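Report on the structure given below.
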Protein chains: 2
Amino acid sequence: MVLSVQKVKGYVMKIAELSSRSGVSVPSIKYYLREGLLAAGHSTAANQATYDEQHVRRLRLIRALIDIGGLPIASVRAVLEAIDSGSTSLHDAFGSVMHALEPAPLTDSKSEIAAARKAVLAWLRARQWSVKPNAPAIRRLAEAMLTLRQFGFGIALDDLGGVADAAEQMAEFEVASARSQIDRTASVEYMLLGTVVYGQALTEIRRLALEAVSARADKPAKGRRARAH
Amino acid sequence: MVLSVQKVKGYVMKIAELSSRSGVSVPSIKYYLREGLLAAGHSTAANQATYDEQHVRRLRLIRALIDIGGLPIASVRAVLEAIDSGSTSLHDAFGSVMHALEPAPLTDSKSEIAAARKAVLAWLRARQWSVKPNAPAIRRLAEAMLTLRQFGFGIALDDLGGVADAAEQMAEFEVASARSQIDRTASVEYMLLGTVVYGQALTEIRRLALEAVSARADKPAKGRRARAH
DNA sequence: TATTCCGGATAGTGTCACTATCTATTCGAT
DNA sequence: ATCGAATAGATAGTGACACTATCCGGAATA
C-alpha cells in the first residue's frame, strides 16, 4: 500500500529490536504493517524478516504524527503514501501531504459556508497565495472565521494580514530548509514534520502566552490587588 | 454536572426548535443533556420543558469545540465546567479552561522528556511568562521540541523568541477583548473561542502559507522552468 | 379525538486503534 | 541434537467514543 524504503542496507535487526528502538510495541508494529503504514521487512525465511534504520525512522514519524499531530491512522497512511508516491514535483508531494493532513470534509454545505469560502479565496488571491482551490484548509479557515463571527468576534480576514505575513516568512524559511535536505523523501518528511509538529509547538506557545498574559492582567505586578472583599 | 444558565428569560422554545436553531439533532441534544454538557431546560410538566437563547448559544459553543477544535466530549465537559464554576478570578477560569483543553497526558515519562520539560520551564522563566508548572501545554511543547530535534531539525526554543513575542502581542489583544465582555461567563467563553477557533484559523493560515510558498519555490514566476527533461 | 411531540430511560451501532490468541515455523543457546 | 524463545501471519476480541434507535407514558395541538 505505501512502502518501498531501501537504499543503504547498513545495520539490520529483527522485530523485537525494532520495537525497543522505536518505542512501539511489537503488536502495534504488526498492526502498522497490516495497515500498510510500514513497509514489510526483508524476508529471509517463511517466518523471519529483518528491518533497518529506515523502519525505525518511519515508525518514529508515524508516532509523531499520531501522538503530537493527533492524526488518525487513515490520514497517516494517506500522508505516507503521498511521501512515497513517485510524484516528481516536490510541490505536488507537499500538496498531497497537506490535503491528506486534514480530517474529512464536513458534509453540510450551507450557503453561509459557501460565502465564507469565497471570502477566503478572495483573500488568498489578494495576497497572491496560489493554493489549490480544493485545499481542505480553505474550508476549515472559512468555517473558523464564520464561527468567530457568529460569536460576535469583530475580526475579519483582513485583520490577519500581519499574521499571514509572519506565516509566510516562516513558511519561506521552512521550505528553504526542506529543500536543502539530501533527497526528496527527506525534504517531504521535513516539511511534514514542520507542518505538524512545529505547528503544534506554535499552538502550545500561543496557549502559554494566553495563560501568562491573562495572569498578568488578573493580578498586575504593581499597585492594586486583584480583588478586595 | 455543568449547568446553570439563567438571567434573561426572554424567548423560550421547545426541543424541536432548539434543534433547528442550533443545527444539532434532537437525539444529540438529548445525549448532551445526559452527558451534562447542556443544562436541562425549564420543566413545565412531567414531560415538557422549555429552552432559551442560552441553550442555543451553548449548543453552538459545544459544536464549535467539537467540530473546529476537535475536542472529545470529556474535554468539552471539563471546559464547560470550568466556565460555569464559581471561580471568582477570571484568570483561574482561563487556566482551568486551558488545562481542560489538552488531551490526557501521555504516560511514558522518560528522562529525555523531563529534560525537555525543564528547558521549557527555563525558557518560560526567562520570558517572564508565569504559567502553572503543571500546565499540559508545557509537556506538549517539550515533546514537540524533542521530536523536532530527534528528526534533525536545527531549531531550539531560543529561536522562537520572535514567534513568542508575536504570540504575546496577540494574547494581549485577545485578553483585553475578553475582559471587555459584558460578564464573566461571556469573557471566559470569548477567551475559549479565541483559543480554540482562532488558533485553528492560524493553523490553517500557516498551512496555506506553506502550500503557497512551496508552489512559488517549485515553479518560480519568471525565468527558468521547474524541471527540464 | 387523533396525531404529533415531549422527556427520560435503555439498548444498539459503527468506527477506531489497538490487543490477544493461535499456528506453524525458525532461531539460538545449551 | 534439543528445547524454549522468537517470528510471521491470520483471525478474533476489546474498550473507548459519539452518537442513534427504540420504547414508554404523558402532554400539546389541530
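Since the model is a prediction, treat every value here as computed from it, not as a measurement.
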By salt bridge (charged side-chain N to carboxylate O under 4.0 Å, His left out) - contacts of [X] (at least two apart):
X        : value
B:Arg21  : B:Glu17, B:Glu53
A:Arg179 : B:Asp218
B:Arg63  : B:Asp67
B:Arg60  : none

How many whole angstroms separate atom [atom1] of [X] from atom [atom2] of [N]?
X       : N      : atom1 : atom2 : result
A:Ile29 : C:dA20 : CD1   : C1'   : 17 Å
A:Ile15 : C:dT26 : CD1   : P     : 17 Å
A:Met13 : D:dA8  : CE    : P     : 13 Å
A:Leu38 : C:dC18 : CG    : P     : 13 Å
B:Glu17 : D:dA28 : CD    : C1'   : 15 Å
B:His42 : C:dC6  : NE2   : P     : 17 Å
A:His55 : D:dA8  : NE2   : P     : 11 Å
B:Tyr51 : C:dG8  : OH    : C1'   : 10 Å

Can you name the residues that form a ring-ring contact (aromatic ring centres under 6.0 Å, His included) with A:Tyr198, not counting sequence neighbours?
-> none

Of A:Ala74 and B:Ala45, whose nearest nucleotide on DNA chain C comes first from the 5' end?
-> B:Ala45

Please write out each protein N/O paired with an N/O of nucleotides 28-30 of chain C under 3.5 Å, distance rounded to 0.1 Å.
residue : atom : partner : partner atom : Å
C:dG28  : OP1  : A:Lys14 : NZ           : 3.4

For nucleotides 21-23 of chain C, tabulate all protein N/O to nucleotide N/O atom pairs closer than 3.5 Å, reporting atom names and distance.
none

Quick one: is C:dC18 close enough that its OP1 or OP2 comes under 4.0 Å of any side-chain N or O from A:Ser25?
->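 False: A:Ser25 side-chain N/O out of range (4.0 Å or more) of C:dC18 OP1/OP2.
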
Does a side-chain N or O from A:Ser28 land closer than 4.0 Å to OP1 or OP2 of C:dT19, or not?
->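 Yes, because at least one side-chain N or O of A:Ser28 sits under 4.0 Å from OP1 or OP2 of C:dT19.
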
Gap separating the CG atom of A:Leu61 from the CG atom of A:Leu193, nearest 0.5 angstrom |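 Going from the CG atom of A:Leu61 to the CG atom of A:Leu193 covers 5.5 Å.
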
A:Arg117 with A:Glu143: basic N within carboxylate O range, under 4.0 Å |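 No.
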
Salt bridge between B:Arg206 and A:Glu174, side-chain N to carboxylate O under 4.0 Å?
->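 Salt bridge present between B:Arg206 and A:Glu174.
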
Can you name the residues that form a side-chain hydrogen bond (donor to acceptor under 3.5 Å, both in side chains) with B:Thr50, not counting sequence neighbours?
-> none

Who are the side-chain hydrogen bond (donor to acceptor under 3.5 Å, both in side chains) partners of A:Gln181, not counting sequence neighbours?
->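 Scan of A:Gln181 (side-chain hydrogen bond (donor to acceptor under 3.5 Å, both in side chains), adjacent residues dropped) gives none.
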
Nearest of D:dA28, C:dC18, D:dC19 to any side-chain atom of A:Ile66?
->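 Closest nucleotide among those given: C:dC18.
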
How do B:Tyr31 and A:Ala16 order along DNA chain D: which one's closest nucleotide is nearer the 5' end?
-> A:Ala16

5' priority, DNA chain D, between B:Asn47 and B:Pro72 [closest heavy atom] | B:Pro72

Can you check nucleotides 11-16 of chain D for protein contacts, nitrogen or oxygen pairs under 3.5 Å, and list what you find?
none

Which residues pass the side chain to side chain contact (heavy atoms under 4.5 Å, CB included) test with A:Ser43, sequence neighbours left out?
-> none

Partner residues of B:Ala135 under the side chain to side chain contact (heavy atoms under 4.5 Å, CB included) criterion, sequence neighbours left out | A:Glu211, B:His99, B:Val131, B:Ile138

